[in-house]
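Any value given below was found using the heavy atoms of this structure, including those in side chains, with hydrogens, waters and symmetry copies removed. Each chain gets a letter, A, B and so on, in the order the sequences are listed, and its residues count up from 1.
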4 protein chains.
Amino acid sequence: MKFNIFSELSYEIFSPTTFVFNIHAARSANQKIMEESLLITPALNFEEFTINNGEDRYIKLHTTNEKYFTIIYHAQVEVEYHIIDESFLLKSIPIMELDTEVLPYLFPSRHCEADKLRKLATKEFGPLVNDYIKVRAINDWIFSNIDYITGTTDSGTSAYGTLIQREGVCKDFAHLGIALCRAIDIPARYFTGYAYNLTPPDFHACFEAYLGGHWIIFDPTKLVPLNGLVKIANGKDATEAAVASFFGNTNCTYMNVQCGIAEQDFVPFITGKDTMEAISYH
Amino acid sequence: MKFNIFSELSYEIFSPTTFVFNIHAARSANQKIMEESLLITPALNFEEFTINNGEDRYIKLHTTNEKYFTIIYHAQVEVEYHIIDESFLLKSIPIMELDTEVLPYLFPSRHCEADKLRKLATKEFGPLVNDYIKVRAINDWIFSNIDYITGTTDSGTSAYGTLIQREGVCKDFAHLGIALCRAIDIPARYFTGYAYNLTPPDFHACFEAYLGGHWIIFDPTKLVPLNGLVKIANGKDATEAAVASFFGNTNCTYMNVQCGIAEQDFVPFITGKDTMEAISYH
Amino acid sequence: MKFNIFSELSYEIFSPTTFVFNIHAARSANQKIMEESLLITPALNFEEFTINNGEDRYIKLHTTNEKYFTIIYHAQVEVEYHIIDESFLLKSIPIMELDTEVLPYLFPSRHCEADKLRKLATKEFGPLVNDYIKVRAINDWIFSNIDYITGTTDSGTSAYGTLIQREGVCKDFAHLGIALCRAIDIPARYFTGYAYNLTPPDFHACFEAYLGGHWIIFDPTKLVPLNGLVKIANGKDATEAAVASFFGNTNCTYMNVQCGIAEQDFVPFITGKDTMEAISYH
Amino acid sequence: MKFNIFSELSYEIFSPTTFVFNIHAARSANQKIMEESLLITPALNFEEFTINNGEDRYIKLHTTNEKYFTIIYHAQVEVEYHIIDESFLLKSIPIMELDTEVLPYLFPSRHCEADKLRKLATKEFGPLVNDYIKVRAINDWIFSNIDYITGTTDSGTSAYGTLIQREGVCKDFAHLGIALCRAIDIPARYFTGYAYNLTPPDFHACFEAYLGGHWIIFDPTKLVPLNGLVKIANGKDATEAAVASFFGNTNCTYMNVQCGIAEQDFVPFITGKDTMEAISYH
C-alpha cells in the first residue's frame, strides 16, 4: 500500500529550547520512502539521527532567539505488511530461545509497570489456551473496558493508573496492552505511526506483541484498520518513541496530521472472531 | 448468641509510648456484655473512652520506664442480630433522605479512595438491578479475584493498590469492598470484631453497607459465618478502628485471639445464591 | 470583627442530582451570625443539618427536572478570635492527656497520608525545640517550597503528591500542612472559610494545629491576614469539609465569593519572626 | 587496579524456569578480564550474550526438572579508571551536542520518574552554579536524607517513593540520584558492580552522570571508595541491569559476593569538599 502522510507542528518558544522530533516515517525493507520533504520555518539547522538499526528516524534542533517555529513533514511511503497465519501465531517460543534483542521487551518500563500487574494479568488472561489468544483477549478487554476520552490523562499517566481510571487515549491504551502482555511474559512494545482514517486526525499509538517469531500489531482502540498504519518508531513505551520532546520552555500551538491512501484498492484488515490471521509490519 | 472472646497482646517497648487499644466488645442494645475482665501487666493506669454514641470502647495508657507489657481481655457477650429480608433489602433510600450520620460513609477515606474508582465501579457493578445485588456482586468479586495471603500488604496498603495487587488480608478485602460501594454512592463502613471459627485465629475485619435503612454485614473473605461476629467498632476505615495504635517506639511480640460459642445451637448463616436475606447487627 | 460575606454558585444539571452545600458561616460562641439570607433559584426544598456540635452548618437539596440552579448566600458575622501567647503555645500536651475528640486528628486521612510521611517529617521538623516552632517551620516550608498555581491539581490530589509535585492551591497547601503535623504526632485539621482580601476571591482553606490546648490557625499560602477569616467548617480534610458535594451529573458554571469588613479598624495579624503569638478561633 | 571478584547464588526451583544472569564483569578497553571461571551445578547448558556494544555480559539458562542449582563465578579483573579534572567537569555540553547514544538517559524510566520530579529538582538543585556541582549536591542530599536500611523496599520501589519514604538500599539510592539528574536535564544511568570493602558484602549499585563528555561515577551511599568498583553493567535503571531475572517459580536461597584487591597499593579515592576531581570508568 502507498500512503501520503503529512504533519505540521507549530510552537511558541519562551526560552532557548532543544527539540527532538520523531515524525519521519521509519525506513526499512518493508517500508520504503518514495518521496518526502521537511520544511522548518524559520529556517533552522537540524541534525538527523536514527535508532533501532537505522529504521527509526529522528531530528534534533535548537532554537536561540526564535519566538515561534513550524515544522512541516510530508512523504509518500510504500508499506508492505505480512499476514501471519495460524501456523505461526500458535507457535510458542520459549523465553530461552528468544532473540537477545527481544528480551528487553519483557521487562517493565516507565509507563508499563508490568511487575505490578503480574497477579492480575495471570488471573485474567493466564488460563487462556495460547499466547495469541491471550493477547487478543487483552486487546479486546481494553477496548471494552477503557473509555477513549481525550483530556483525561497526561504525559505522566501509566498503565497502572489507566487500569483503575478506565479512560485514556491511544497511548494509554497501548501502554496498558504492553504492560499486561509483559506481565504474563509475552514481549510487547510501543508502536507510533500515521494511521489511515483516524478521526479526529492525530498521530496514532498502538502496540506489538512478539508471537511465533513475529511482531504482531494490535490496536486496542480499534479506531483504524490494522493495515492502515505507517510506522514512525518502536520503543519500550512513549518515553522512547515520543513524537516530540523538548528541553526548554515552549508550547505547542498547532498540530495537523494527515494520512491518506495513494491508491484505490484498500481493503481494511480487521481481526475477526473466527479467523486466526494477524498482521506484522516486520 | 453468646460468645466467649479473648485477646492477649504483648509489647516490647523502646521509648515512652502512648497506646490506644480498641479490643473491647462494643456495648449496645444488640450486644450485651455479660461479663468481662481486663488485665494489664505490669499494672498501668489507663483511661477508658467511647465513641460512636458510646458504643465503641477504647482505652488509652502510657508507658514510661516499662520495657514490656501485656494486655489480656476476655468477655462473655450476648449478640443479637437481625435477619433483614427482601422487603427491606430491595428498598432504595435516596441520598436526599439518608440520615445525617450516614452521609460521611459516602465519601472517600484514607484506605478507601472511592473517588478514584468511580468509573471502574460504575462499569462493573452499576448496571446491576438494585443496590443489594450490587453490594453482593462486589463482595463476590473480591472473594473471587483477591487472594487471601498474609504478609503481602502492610498498614499503608489501600483499596487502590489492592485492586491491582490482587492479594491481601481481611482489612484489605474490607477496604476494597467499602471503596467500591462508595464509588457507586452506597454508604459503607469498616467493621472490626472477634469472629467465631476464624482460622488462623486473629481479629477480623469486614464491612457494612447501608441498604434499605439498615447496616448490612458483608465479609468478602468468606472465612466465617456472618452471624458469628462480635463487634468491636465501626469506622470509615482502619484508621478509625484500629485494634491498637501507638505513639512511641514499640513492637508487638505476641498476639493471641479467641472467639468461642457459649451455647450449643449455633447455625451458621451463609448468604445463599437464591435467598434474599442478610444480617444486620444494628 | 464584623464581616460581610457573600457567595453565589450556579450549576448546570444533566440528571437528577443531590447537592450538599457547606457555605454557611459556622455558628459558635466566638462566631455570631448577625444576619444572613439564602436564595435558591428556582425555589427548591432544602434540608439543613449541622455537625461538630452544631457549629458547622450544611444544607442538602435535590433537583429533579431542573436544568439550572443558583444558590446565593450572604451574612453579616461577628467573629471573635483569641491571641494565644507564649505561655500557652510552648506548653506541650502529651497524647495521653489529649481530649478524646482531638485524638482523631492524629490519624491519616484521604488527602493527608501522614503515615507515609513519618520519616520525612521527623527528619525535617522533628529536631526543632517545641511543637509550636515545628508547626511554624512546616508552615514556612510549605510557603517557600510549594508554588501556588491554579489548575495544576484536582480533587484527587493529596499531600503525598503535593510534596513531590511542589505546586497546588490552598486546599493542597492545607492538606500538606496537616499531613506533616500528624506525621510528627501533632493533631491537625482542615479549616474552610471566607477570607478577607483574598485575591482572586474564592473560598479559602487553611489548617489548625492543636497546641497548648488550643486550635491554632496556620495558613501556608500566606495570602490573607490570619485574623481575616470567617469559619465555615472543620474536618479531617477536604472530604469532610467540601464547600459543595454532589451525587449526580452536574457542572458548576459560575462562582462568586466575597468577604468584606463591616468596620473600619481592621489591623491585620501576621505571624512575625520574633513574636510568639498566634490566633485561635475557638 | 586488579581485583578478585566472586559471587555465588543458589536457587530452589518449583517450576521450569528461565534465568538471565548479569554477574560477569563487563569487558572493555578499561576493564580487562585476566582470568575467570563459571561453575553451574548441576551442569546446565547456558547461552552467553552481550549488550551495550559487547561490554555488558549476560548468560541465559533454563531449568526443566532441576529442583536446585548453584551458579559460582569468579574472576581476576584489571580496572583502569580516569581522574577527570575541573577542566572537563565544568564544561557544559548542550543537549543539542550530546551523542545520540547519550540522549536516552535524559528520559524517565520504570524506577526513575524524572518527569514527576522536575519542579522539585529544579527548585532544590537548579540554582547551583554548574552541572557537576548540581550532581554532587544531589549525591550529598541523598546521602544525608535517605537512611540506608535493608528490608524496607522491594523490587517495585522507585525514586518517587524513596523521596518520601526516606529509606532504602543501594539500588534505591541510585534510582533517586538518576531521577533527580534527569529531572534537571543531566543524563544519568545505573551502574552495577562488585565493590571493594562493601559491608555487608553484596552486589553494589550506584549511578553515573554525563558531565563534560564523560560518564562520572557517583555513589550516594558513600559505602565504598569510588575507585573500588568492578563494573558489571549499565542500564537506564535496575530493570535493564538486574543481577538476576527469572521467568518461572523460584527462590534465591543463598547469596555470597566478594570483592578483594589483588595488589597492595590501593589508595581510596573519596570526593572531597575542596577538590574538583572525579572518576570515570569509561
| said: Counting C-beta onward and ignoring hydrogens, is there a side-chain heavy-atom pair between C:T152 and D:K119 closer than 4.5 Å? | reply: no
| query | C:K123 versus D:D147: any side-chain heavy-atom pair under 4.5 Å? | reply | yes
| task | Please indicate whether C:Y160 has more than 12 foreign heavy atoms, meaning atoms of other residues, nucleotides or ligands, lying under 6.0 Å from its OH. | result | yes
| field | D:F247, CZ atom: more than 12 neighbouring heavy atoms under 6.0 Å | value | yes
| field | Closest contact, heavy atoms only, C:L163 versus D:L120 | value |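 Shortest heavy-atom separation between C:L163 and D:L120 comes out as O-CD1, 3.8 Å.
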| Side chain, backbone, both or neither: which part of C:S144 has an atom under 4.5 Å from a heavy atom of chain D? |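 Backbone of C:S144 only, per the 4.5 Å heavy-atom cut-off to chain D.
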